[in-house]
Structure formats: structure tokens, C-alpha cells
Amino acid sequence: MTRGQEYVASVFEKVKAQNGHEAEFLQAVEEVFDSLIPVFDKYPKYIDENILERLVEPERIVSFRVPWVDDKGQVQVNRGFRVQFSSAIGPYKGGLRFHPSVNQSIIKFLGFEQIFKNSLTGQPIGGGKGGSNFDPKGKSDLEVMRFTQSFMTELQKYIGPDVDVPAGDIGVGGREIGYMFGQYKRLNGYENGVLTGKGLTYGGSLARTEATGYGVVYFAEQMLKARGENFAGKTAIVSGSGNVAIYAIQKLHELGAKVVACSDSSGYIYDENGINVETLKQLKEVERARIVQYIEHHPNAHFTPSSSDNNIWTVKADLAFPCATQNELNDADARALVRNGVIAVAEGANMPSTLEAIDVFHAAGVSFGPAKAANAGGVAVSALEMAQNSGRTAWTFEEVDSKLYNIMKDIYENAAAAAEEFDAPGNLVVGANIAGFLKVAEAMSAQGVI
Ligand code: NDP
């Protein structure tokens, strides 16, 4: 065993002993740790400074009660979280997720990944994440408002434009950010840099709504270029039908691919003419409807309810973009995609592919773009929103979009170069983990034992 192998294995044992019940967190940690062994072999000073054990322990976690009153006058209670994982390279930054599955393990896995992702963007932002087990589905606007006001009444004690800047994630879009911004302002006065993903009338950035979806497609474009390919004439499947999925589909169509399937948690739609983005936006952004209603507008399309043996990954396509949620694509799904001839998979969601699925893609020579690199466009434009807020200025859509494009291209190139340097050419998982880690490790090293 090399010194790096011994060090990484011993830290992972400690992490498992202390967080054994946090399956998602351990999965995210394992993926990163495996990649970092050659870094510790090359730079033993990071072992001497015990960087890894410090990095894997969040600087701070807060968990709090969120009481609110529903439309029937009944008192409801949810649990809120914020994990402030690492401020080594800037203020904590990362989204808020409202979904019934939210617990400390999910928030910690997302916060841990965010450290590396934010570092890869080249922007000065640390890693954080938060959310609640509140389910916005089926709630009225007033219920969502009362819940978010209560949530922010507690969260505002821990955040600020130079301290910690939350944004959206699953279940948190423009409506929720608006209510939370209003409540923060009521309690602290106007500070427009305290949240990103804001509406355009009160400090939001053009192209933030589109950024994660567009970004994952810009990243995939680089992956295809490295294989001598492009989007023209390719078919694609995109899971989910939320913020990330909608704008990934829109950009794929613009660049010449045809997206034939998308989904929500109840099932998937297949439309051989290509998914109609305007219908999807109307259903999901305006009506908050279920995906099955797509076939009322496009009777040629088919809806298949979700089941264990028939999901969106059985649809034949050249490209796949998991854009829904964690662990939505397992090894059997990966094998189905490979059998159907997929050549590239880029992750719009966070940790959508299991570790076994990633192994299947690598073994089959599929180009694989991991979340922390491929979906970094959202947080990158959030950092651009922070820059516009501090500069009291607003850039055009084209300016932001072209900065986003260049950031995604740089992330690809840095990840590919790190993979090459550390003897794993073409392995963007290894490359992204190493490139993201090195900047954070150097900053931690420079700042002493804190
Ligand atoms: P949204 O809430 O806008 O959309 C989530 C979509 O995923 C919905 O269509 C939802 O369907 C679907 N979904 C959720 N769970 C499942 C499931 N088990 N099976 C199938 N579909 C499911 O969230 P976002 O689009 O913002 O986020 C999607 C992913 O992208 C998340 O992993 C998030 O962390 C990640 N991400 C988001 C960023 C952003 O800027 N928004 C930035 C970087 C990453 P349903 O309505 O039925 O629940």
C-alpha cells in the first residue's frame, strides 16, 4: 500500500464509524476519496496537515424546527437544515431543497459535493447546502409562503451576503426564493446579495434560470468534441421535468439534438417528434401539473408509469442526461443504456448515477460527465449574480450566457487535464475530483489548522 492509500483508507474508516447511518453522504465521500489517492502520494504535505479529515467534517450544521399553519388552520411542523461545509475559498454557497426525502445525510452529501463543484467554477465560493423535509407538492401559494417565512425566520440568523448565500434546488424555484427574500428583508433590511436565483425585478441575473440546464449541455458538447462528435442528428433522453431538465432540453434542441423522452416521479413521456419545450414549461412552470398531462396536448406521445423494470433508461438514445434526483440510475439502467448504444452521459442532477453505474459506463467506453463538473453552471451563474449585486449592475443575457459557456469549457478542460496528469486519461470523475480538491487543499494549507 502507498502512503496515500493508507491515509485515505484510514480517514474513510473514521468517516464510516462516525456517520455509518448516512448512506448518501458515505456514497459521495467514497467516490471522492477513491480519486484522491494519487494526489496524496504526490503531495504528502496534505497528509501531514490531515487535510482530508478536516475537509470531510462540516464546519457547522444547524438543524431547526419550522412550525407553520396550513390552510385548514392546523399547525404543521417540519425540520430545516443548513450545512456550512467549507469556507476555505469563499463564503458558503449552495442551494436549498424542499422535498419529503430531505434528511441530514442528503444535505451533507450535497454540501460535500458542493465544495468541489464550487471550486471547479473558478469563482470564490465555499460549499454549503440546506433545505427541509417540507413537500411543496399540492400546497397552496399561501401555505408555501407561510412555510418559507417561518423557515427564513430561523435561517436568517446564519446567512448573509459575505457569509453564506443560499439558492434554489429541488422544490425551490422563483416563487420560494421570492418569499424567502421578502422575509429576510423584513427582518434585516435590503441586502440583495443574500440569496441567488432571485426574480429579475429585484436583483436576479438573466440566464440564472437556464444556467444549470444550458451548462450541462455545454459540458456535454466538450465531451462529444473530444470523441470527434457533435449534437447534430443525435437522439437524447433527459430525466426529470423541472428546472434543470427543461433548459437542458431547450439547449439540446437548439444545438441540433432531438430529446425523445423526459419524466417526473410518476413516469416518463416518449415523443418521437421530440419533446415540446413550450408545453413542458406551461405544464411544469405555470400549472405545476403532472407529466402525464403532456399527452393531452400531444396525443402521439406515450406515457409509461414508473415501475422497477420499465423506466426512462430503457428508451433508445445516443445521449442521456439524468436531471431528476440522486441514485435514479443504477447499474442495470446503465447496462440498458449501453445495450442501446449510448455514447455519452452527462449528469444534470446531483449524484444521479450509483457508483456501480459509473463503473458500467467507464468499462463500456461511454463518455461520462460527473455532476460536480457537468452541473456546475447553476452555481457558477449564481456567483455571477453575486458579482452583479455587489457591483450594482446587471449584465445582458448574452453576456451571462457567454461567461457560462466559457466556465463550462474551462471546467471540462481542467478536469480532463487533471485526469491526464494523474494517469486516468478520459476519466472525468477522477479529473473533476482532483481539480476541485487541489484549490481547496492549497487554501486550507495556507490558512493554518482551522
Ligand atoms: P425541480 O424541483 O425543478 O425538478 C425536479 C424534477 O425531478 C421534477 O420533475 C421531479 O418530479 C423529478 N424527480 C424527483 N424525484 C424523482 C424520482 N425519484 N424519479 C423521477 N423523477 C423525479 O429541481 P431541479 O431541476 O432544480 O433539480 C434537479 C436536480 O438537479 C437535483 O438533483 C438538483 O440537486 C440538481 N441541481 C439543480 C440545480 C439548479 O440550479 N436548480 C443546480 C445543480 C444541480 P416530481 O415533480 O414528480 O417530484
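We count ligands from 1, going down the list as the structure has it; atoms in each ligand are counted the same way.
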To check your reading of the model: name the closest protein heavy atom to [atom], its residue, and the distance in Å.
{"atom": "atom 2 (O) of ligand 1", "answer": "G171 N, 3.0 Å"}
{"atom": "atom 39 (C) of ligand 1", "answer": "T212 OG1, 3.4 Å"}
{"atom": "atom 32 (O) of ligand 1", "answer": "N350 N, 3.1 Å"}
{"atom": "atom 33 (C) of ligand 1", "answer": "D169 OD1, 3.1 Å"}
{"atom": "atom 22 (C) of ligand 1", "answer": "A324 CB, 3.6 Å"}
{"atom": "atom 6 (C) of ligand 1", "answer": "G242 N, 3.9 Å"}
{"atom": "atom 9 (O) of ligand 1", "answer": "S241 N, 3.0 Å"}
{"atom": "atom 27 (O) of ligand 1", "answer": "I170 CG1, 3.6 Å"}

Neighbour count >12 (heavy atoms, 6.0 Å) for atom CZ, R290
yes
Indicate yes or no for a side-chain donor-acceptor contact from K129 to the backbone of Q114 under 3.5 Å, with no hydrogens or angles considered.
no
Flag, side chain of K234 to backbone of N230, donor-acceptor distance under 3.5 Å:
yes
Does ligand 1 have a heavy atom under 4.0 Å from the side chain of R288, from its backbone, from both, or from neither?
neither
Quick one: look at S239 and ligand 1, take heavy-atom pairs under 4.0 Å, and tell me if it's side chain, backbone, both or neither.
neither
Do [X] and [Y] have side-chain N/O donor and acceptor atoms under 3.5 Å apart?
{"X": "S132", "Y": "N78", "value": "no"}
{"X": "E328", "Y": "S239", "value": "yes"}
{"X": "D264", "Y": "Y294", "value": "no"}
{"X": "S306", "Y": "N311", "value": "no"}
{"X": "N433", "Y": "E31", "value": "yes"}

Can you confirm if the NZ or CZ of K139 lies within 45° of the ring axis of F134 and under 6.0 Å from the centre of its six-membered ring?
yes
Hey, looking at [atom], which of [options] has the closest heavy atom?
{"atom": "atom 16 (C) of ligand 1", "options": "V381, V244, T325", "value": "T325"}
{"atom": "atom 21 (N) of ligand 1", "options": "I291, N243, D264, D135", "value": "D264"}
{"atom": "atom 48 (O) of ligand 1", "options": "Q114, K372, E285, K137", "value": "K137"}

Decide whether the shortest distance between a heavy atom of [X] and an atom of ligand 1 is less than 4.0 Å.
{"X": "G173", "result": "no"}
{"X": "R97", "result": "yes"}
{"X": "H99", "result": "no"}

Distance-only N or O hit between ligand 1 and [X], under 3.5 Å:
{"X": "S265", "answer": "yes"}
{"X": "G378", "answer": "no"}
{"X": "R290", "answer": "yes"}
{"X": "G168", "answer": "no"}
{"X": "Q326", "answer": "no"}

For salt bridge (charged side-chain N to carboxylate O under 4.0 Å, His left out), just list the numbers for R146 and D71, CA-CA rounded to whole Å, side-chain angles, deciding distance to a tenth of an Å, and then say yes or no.
CA-CA 10 Å; R146 288 193 291 272; D71 286 347; 2.6 Å; yes
Partner of F151 under ring pair (Phe, Tyr, Trp, His ring centres under 6.0 Å), chosen from Y184, F98, Y158, Y179:
F98
Quick one: ring-ring contact (aromatic ring centres under 6.0 Å, His included) partners of F81, sequence neighbours excluded?
none
Look at atom 35 (C) of ligand 1 and say whether a protein heavy atom is found at less than 4.0 angstrom from it.
yes
